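It should be emphasised that the depicted structure is a prediction, and the values quoted were computed from it without experimental measurement. No hydrogens, no waters, no symmetry mates; every other heavy atom, side chains included, goes into these values.
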Amino acid sequence: MFRVRFAPSPTGYLHIGGARTALFNWLFARRHGGVFVLRIEDTDAERSSAEMVEGILDGLRWLGLEWDEGPKVDGPYAPYFQSERLESYRAMAERLVEEGKAYRCYCTPEELQARRAEAEAAGGAWRYDRACCSLDDETRAAYEAEQRPHAIRFLVPPGSAEFEDLVRGHIVFDNANIEDFVVLRSDGYPTYHLSVVADDVEMKITHVVRGDDHISNTPKHVLLYRAVDAPVPQFAHVPLILGPDKKRLSKRHGATSVMEYARQGYLPEAMVNFLALLGWSPGAGDRELFTAAELTAIFDLRGISGGNAVFNQEKLDWFNQQHMLRLSPLELATRLKPWLEAAGLWSDDLLEERHAWFFAVLELLKVRAKRLDEYAPLGRFFFSDELDWDDVAVKKHLAPDSAGDNLTAVSAALAELDTFDPVSIETAVRATADARGVKAATLIHAMRVALTGKTVSPGLFEVASLLGRERVRQRVHAAIARGAAARA
RNA sequence: GUCCCCAUCGUCCAGAGGCCUAGGACGCGGCCCUUUCAAGGCUGAAACCCGGGUUCGAAUCCCGGUGGGGACGCCA
């Protein structure tokens, strides 16, 4: 049974990179019938907050990445907050000290910083000098007697740390390049290295799928696994997501929080599809559009590419539109509700007695919208009689001398229609154009401005049909007046 | 600076020695459709970082260089 985990630190919202890591873990678990664990790494009390935990949970829920064990779900290895598992880390650290695999370090952060700065000024890379490793018994006893605060450092053994990475292959680090890292801070809290390993061991994690930025931490982890005699899990380090400038994606690049995209009108299914294909490929075939369910059926770690990937919002837009196009009318309508409400265009009968009309409207709008936020501005004229007039359009299509007569004629022709469907309307408009010796386009453009206030809209005949005979009549007449006013 | 990772169109990917005249997608250009804008169809421009090997044959394997990224915290 495969067990994977996503282990975010609640020091910020769920960002794009974390979301993709979570997605890969989730897909891997679902693909192999494994368990997806969510563990909150809140051992940095200073920077962690409950609010951020909620933010991360919201992000995961929005994406649909439900976890099998973790906050609010629980499981055999609860609790899933590291701040509630401190005893376990302390025990592991003490065990390492007892076994001579770690030692107490009495150097203060200030001293270390000074020594580090000194070494760097001299042009060398600083590595802890093991000052406290070779303390004589007397000094050590004295320190202990006065209960001097101390951290616990792992004693890096000679040799090398190597591991098999599922996406990179064999990776070797010379232990000489690894310093005696702190595993337990002087305040009794574990550092990341200790807590991840301790938890991954206890939670029986079999595959660690995480960002590339952890690759240089991995040898430390391997050393810890060995020190406590635990089986080393499989690692898979996935490439990072970069901004357009090829730098690691960060706030500088604009929206990086997943929920920010939700607020911008993106669909979670589009985000999932897009993220899945950022750094991963199903291999053969040219298909790019997938649902989450489809992805869980084909996801394979072997399809992860080696190089970093640049986040391309234009492609996200495309995915978003494609997924919107595939939503059922009811589903689309449901997602749109908050947006139309915010625009003051919503009313409950849109999903009740007027649903057929509403769905038809959405059908016309959805090929023109890339995001959910675009429906209201695009289709406002369907829902409200207060048109947002484009002055240039009025001047061009309504103000000309012939415009009034043209519209009057069209209006008269439409009034004769038995049925107010697109085909009948089109026939009537074209016939009117012929009768008046003008191009149909002239009437169509004037009609469009009359009905929508703008020069851009869905097909005029569909628009007119959906607006209905009465509203069309009223708007055309209002437009004639407006045109006359603009002329004067 | 040290260590590690990576390297195919502008971007995301395909390519696991001959199938490559290097394929798809986004974006960009053109054409078609057409009442505008989209969507859709067709189509064009656009890449194997460089240098050495190995091989009958290399985008694919090896070495070096260059370039990019990441890590070097009592952050995670």
### Query
Counting any heavy atom closer than 4.0 Å, what does A:Glu179 reach on the DNA or RNA strands: base, sugar-phosphate only, or nothing?
sugar-phosphate
### Same-atom distance (P) from B:G29 to B:A45, integer angstrom
16 Å
### Query
Roughly how far apart, to the nearest Å, are B:C75 and B:G70 at atom C1'?
16 Å
### Message
Considering every strand and a 4.0 Å limit on heavy-atom distances, what is the contact class for A:Lys366: base, sugar-phosphate, or nothing?
### Response
nothing
## Note on the structure
To the nearest angstrom, the NZ-C1' distance between A:Lys370 and B:G27 comes to 12 Å
### Task
Please report the shortest heavy-atom distance between A:Leu86 and A:Pro190, naming the atom on each side.
CD2-CD, 3.6 Å
### Message
Please determine whether a side-chain nitrogen or oxygen atom of A:Arg153 lies at a distance below 4.0 Å from atom OP1 or OP2 of B:C74.
### Response
yes
#### Entry: For B:C12, the Watson-Crick or wobble counterpart (both distances under 3.5 Å)
B:G24
### Message
Categorize A:Ser457 for me: base, sugar-phosphate, or nothing, with a 4.0 angstrom heavy-atom threshold over every strand shown.
### Response
base
### Task
Report which part of the nucleic acid A:Gln322 touches: base, sugar-phosphate, or nothing (heavy-atom distance under 4.0 Å, all strands).
sugar-phosphate
### Task
Give the nucleotide from the list B:C4, B:G69, B:U11 with an atom nearest to the side chain of A:Phe173.
B:C4
### Query
Could you give the CH2-to-C1' distance, from A:Trp280 to B:A14, as a whole number of Å?
13 Å
### Nearest-angstrom distance, C1' atom, B:U34 to B:U60
47 Å
### Task
Kindly say if A:Arg210 contacts the phosphate of B:A71, meaning a side-chain N or O under 4.0 Å from OP1 or OP2.
no
### Message
Could you identify the nucleotide paired to B:G67, looking across every strand shown and requiring Watson-Crick or G-U wobble geometry with both distances under 3.5 Å?
### Response
B:C6
### Query
Side chain of A:Lys454, backbone of A:Asp388: donor and acceptor closer than 3.5 Å?
yes
### Query
Between A:Asp245 and A:His253, does any side-chain donor sit less than 3.5 Å from a side-chain acceptor?
yes
### C1'-based separation of B:G15 from B:C9 [nearest Å]
14 Å
### Query
Using purine N1 to pyrimidine N3 plus N6-O4 or O6-N4 for Watson-Crick, or N1-O2 and O6-N3 for G-U wobble, each under 3.5 Å, what pairs with B:C74?
none
### Message
Any side-chain N or O of A:Arg248 below 4.0 angstrom from OP1/OP2 of B:A71?
### Response
yes
### Task
Can you figure out which of B:U2, B:C75, B:A38 approaches the side chain of A:Arg127 most closely?
B:U2
### Task
Taking atom C1' in both B:G52 and B:A16, compute the distance separating them and give it to the nearest angstrom.
24 Å
### Query
For A:Arg448, which contact category applies under a 4.0 Å heavy-atom criterion: base, sugar-phosphate, or nothing?
base
### Query
Do A:Thr191 side-chain and B:C74 base share a donor-acceptor contact under 3.5 Å?
no
### Task
Scan A:Gln321 against the nucleic acid and name what it touches under 4.0 Å (heavy atoms): base, sugar-phosphate only, or nothing.
sugar-phosphate
### Query
At under 4.0 Å between heavy atoms, what does A:Leu112 touch on the DNA or RNA strands: base, sugar-phosphate, or nothing?
base
### Query
If you look at every strand shown and take non-hydrogen atoms under 4.0 Å, does A:Thr43 touch a base, only sugar-phosphate, or nothing?
sugar-phosphate
### Query
On a whole-Å scale, what distance lies between the P atoms belonging to B:C6 and B:C20?
28 Å
### Query
Whom does B:C48 pair with, Watson-Crick or G-U wobble, provided both distances fall under 3.5 Å?
none
### Message
Heavy-atom nearest nucleotide on RNA chain B for A:Arg185 versus A:Val456: which residue maps closer to 5'?
### Response
A:Val456
### Message
What's A:Pro458 touching, base or sugar-phosphate or nothing? Going by heavy atoms closer than 4.0 Å.
### Response
base
### Query
Looking only at heavy atoms, what is the nearest atom pair of A:Cys105 and A:Tyr128, with distance?
SG-OH, 3.2 Å
### Message
How close do A:Leu378 and A:Arg368 get, counting heavy atoms only, and between which atoms?
### Response
CD2-O, 3.4 Å
### Query
With sugar-phosphate meaning primed atoms plus P, OP1 and OP2, does A:Glu41 contact a base, only sugar-phosphate, or nothing at under 4.0 Å between heavy atoms?
sugar-phosphate
### Query
Would one find a side-chain N or O of A:Arg116 under 4.0 angstrom from OP1 or OP2 of B:G73?
yes
### Atom-to-atom span, CD1 of A:Ile215 to P of B:G70 - whole angstrom
14 Å
### Message
On RNA chain B, does the nearest nucleotide to A:Asn177 precede the nearest nucleotide to A:Ser216 from the 5' side, or the other way round? Give the residue.
### Response
A:Asn177
### Query
If you measure from the C1' atom in B:A7 to the same atom in B:C12, how many Å do you get, rounded?
15 Å
### Query
Counting just side-chain N and O atoms, does A:Lys247 come under 4.0 Å of either OP1 or OP2 of B:G69?
yes
### Task
For A:Asp212 and B:C4, give me the distance from atom CG to atom P, rounded to whole Å.
14 Å
### Query
NA contact type, A:Pro190, heavy-atom cut-off 4.0 Å: base, sugar-phosphate, or nothing?
sugar-phosphate
### Task
Please work out if A:Thr11 contacts a base, only the sugar-phosphate, or nothing of the nucleic acid, heavy-atom cut-off 4.0 Å.
nothing
### Task
Quick one: label A:Ala151 by what it contacts on the DNA or RNA (base, sugar-phosphate, nothing), any heavy atom closer than 4.0 Å.
base
### Message
In whole Å, measure the gap between the C1' atoms of B:U36 and B:U43 for me.
### Response
24 Å
### Message
Taking any heavy-atom pair under 4.0 Å as a contact, classify A:Asp165: base, sugar-phosphate, or nothing.
### Response
nothing
### Query
Do A:Arg168 and B:C5 have a side chain to base donor-acceptor pair shorter than 3.5 Å?
no
### Shortest non-hydrogen separation from A:Ser457 to A:Phe381 and the atoms involved
CB-CZ, 4.4 Å
### Task
May I ask you to check if A:Arg104 and A:Tyr143 form a cation-pi contact, with NZ or CZ under 6.0 angstrom from the six-membered ring centre and within 45° of the axis?
no
### Query
Any sub-3.5 Å donor-acceptor pair from A:Arg116's side-chain atoms to A:Trp126's backbone N or O?
no
